[in-house]
Amino acid sequence: MLSMQSIGKAYRTDMVETHALRDFSLEVEPGEFVAVTGPSGSGKTTFLSIAGLLESFDGGRYVLDGDDVSALNDTERSRLRNEKIGFIFQGFNLISDLNLFDNVDVPLRYRGLGKQDRRARIEYALERVGLASRQKHMPSQLSGGQQQRVAIARALAGKPAFLLADEPTGNLDSLMARQVMDMLSEINEQGMTIVMVTHDPDLARRASRNIQIVDGQVTDFRLYEPANRHE
Ligand code: ADP
Ligand code: ADP
């Protein structure tokens, strides 16, 4: 479980202080698919960065799968991030001169996993996103939707407890956006916990729960019955 209680986060630049999150509380249970919406500048990315242990916070309590995040040092926090969190970004963030196999391998190598384990994970993950036959292709040979599926494979290969996605369909046309959403729904139905930031209410509706962030706080909370999740 992911549990945030009264988290605060301020950015200070020169004379200006911006409170990106204030008294922010949220719990995400295993197996949920949470979509986070809200106006630009409301704190969505800040929330996701803190949830993903990329960003520190000022006050409050954040417990990730039993670990109290504020009690960890930098090394422990990186290890927890590598073990528990998979990220998907709007811009895919693939390395253009590595083929698909090697792209998925990057974070696994970084973690120092053995060759056999890495190979099994990469093949499993590319299979899962329907790109097993394209291992040797380069990112530029794929459509945007396929590139995002490689990014999903890269996240899954880490066997994370949580998949965090920031506008994962933001760079895609509507057909490819749908395909990527279908894939995320399928992965969630197979048990993966997903938290996704999106602008698009139609995509948000396909999650199991929607939260809205306004001015750094959760303002709305809506639970969708599984029967209503697919149009
Ligand atoms: P959203 O993702 O909802 O657009 P963000 O979390 O990116 O919102 O930003 C929330 C607020 O924090 C905004 O006012 C933004 O300008 C500010 N902010 C975000 N990141 C930084 C930063 N690195 N330095 C200074 N201010 C920041
Ligand atoms: P089985 O065929 O016995 O069900 P799995 O499909 O669980 O085996 O695993 C096959 C290989 O895929 C294993 O080597 C394992 O390391 C890897 N694997 C299993 N689950 C995941 C996952 N969620 N993400 C990435 N790799 C996985």
Side-chain angles (χ1 to χ4, degrees), residues 2-28 32-64 69-70 72-74 77-78 80-81 84-94 144 147-148 151-152 154-155 160 162-174 176-177 180-181 184 188 192-224:
L2 183 160
S3 169
M4 290 186 179
Q5 278 163 28
S6 298
I7 295 286
K9 175 69 181 178
Y11 293 104
R12 288 169 197 87
T13 44
D14 300 327
M15 313 297 279
V16 189
E17 189 175 59
T18 307
H19 289 269
L21 295 182
R22 30 181 123 218
D23 197 17
F24 183 98
S25 299
L26 179 69
E27 301 209 326
V28 178
E32 279 200 285
F33 187 165
V34 178
V36 180
T37 57
S40 181
S42 60
K44 303 182 297 295
T45 296
T46 301
F47 153 67
L48 212 61
S49 305
I50 292 172
L53 310 178
L54 293 170
E55 187 85 73
S56 63
F57 51 95
D58 305 324
R61 190 172 146 86
Y62 175 24
V63 179
L64 176 64
V69 172
S70 35
L72 304 177
N73 65 30
D74 286 352
R77 208 172 299 129
S78 300
L80 189 64
R81 179 173 61 235
K84 301 276 179 169
I85 308 283
F87 290 101
I88 308 168
F89 303 98
Q90 180 170 352
F92 323 139
N93 295 9
L94 300 178
Q147 290 186 47
Q148 190 60 300
I152 293 171
R154 181 180 54 192
F162 299 91
L163 202 54
L164 304 184
D166 197 351
E167 298 280 5
T169 61
N171 277 353
L172 302 175
D173 67 32
S174 58
M176 287 197 261
V180 166
M181 245 340 262
L184 291 177
N188 170 248
M192 178 65 65
T193 311
I194 302 178
V195 180
M196 172 183 74
V197 166
T198 180
H199 272 100
D200 186 338
D202 288 333
L203 295 183
R205 219 170 285 125
R206 297 186 53 185
S208 58
R209 178 153 63 114
N210 281 16
I211 67 161
Q212 195 179 32
I213 301 181
V214 176
D215 288 338
Q217 284 192 311
V218 177
T219 58
D220 190 21
F221 169 100
R222 192 163 306 164
L223 208 53
Y224 288 104

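Computation of the quantities below employed the complete heavy-atom set of this structure, encompassing side-chain atoms and omitting hydrogens, waters and symmetry-equivalent molecules. Ligands are counted one by one from 1 in listed order, and the atoms in each one are counted from 1 as well.
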Give a yes or no on this: more than 12 heavy atoms of other residues, nucleotides or ligands lie within 6.0 Å of atom CG of Asp173.
yes

Set of ring pair (Phe, Tyr, Trp, His ring centres under 6.0 Å) partners for Phe89, sequence neighbours left out:
Phe87

Can you check whether Thr193 reaches Val28 side chain to side chain, under 4.5 Å on heavy atoms?
yes

Where do Asn210 and Thr37 land on the side chain to side chain donor-acceptor pair (under 3.5 Å) test, with the steps shown first?
CA-CA 7 Å; Asn210 281 16; Thr37 57; 5.5 Å; no

Where the side chain of Glu27 meets the backbone of Met4, is there a donor-acceptor pair that is under 3.5 Å apart?
no

Thr198 side-chain N/O to Asp200 backbone N/O, donor-acceptor pair under 3.5 Å
yes

Counting only heavy atoms and a distance below 4.0 Å, can you name the residues contacting ligand 1?
Tyr11, Thr18, Ala20, Pro39, Ser40, Gly41, Ser42, Gly43, Lys44, Thr45, Thr46

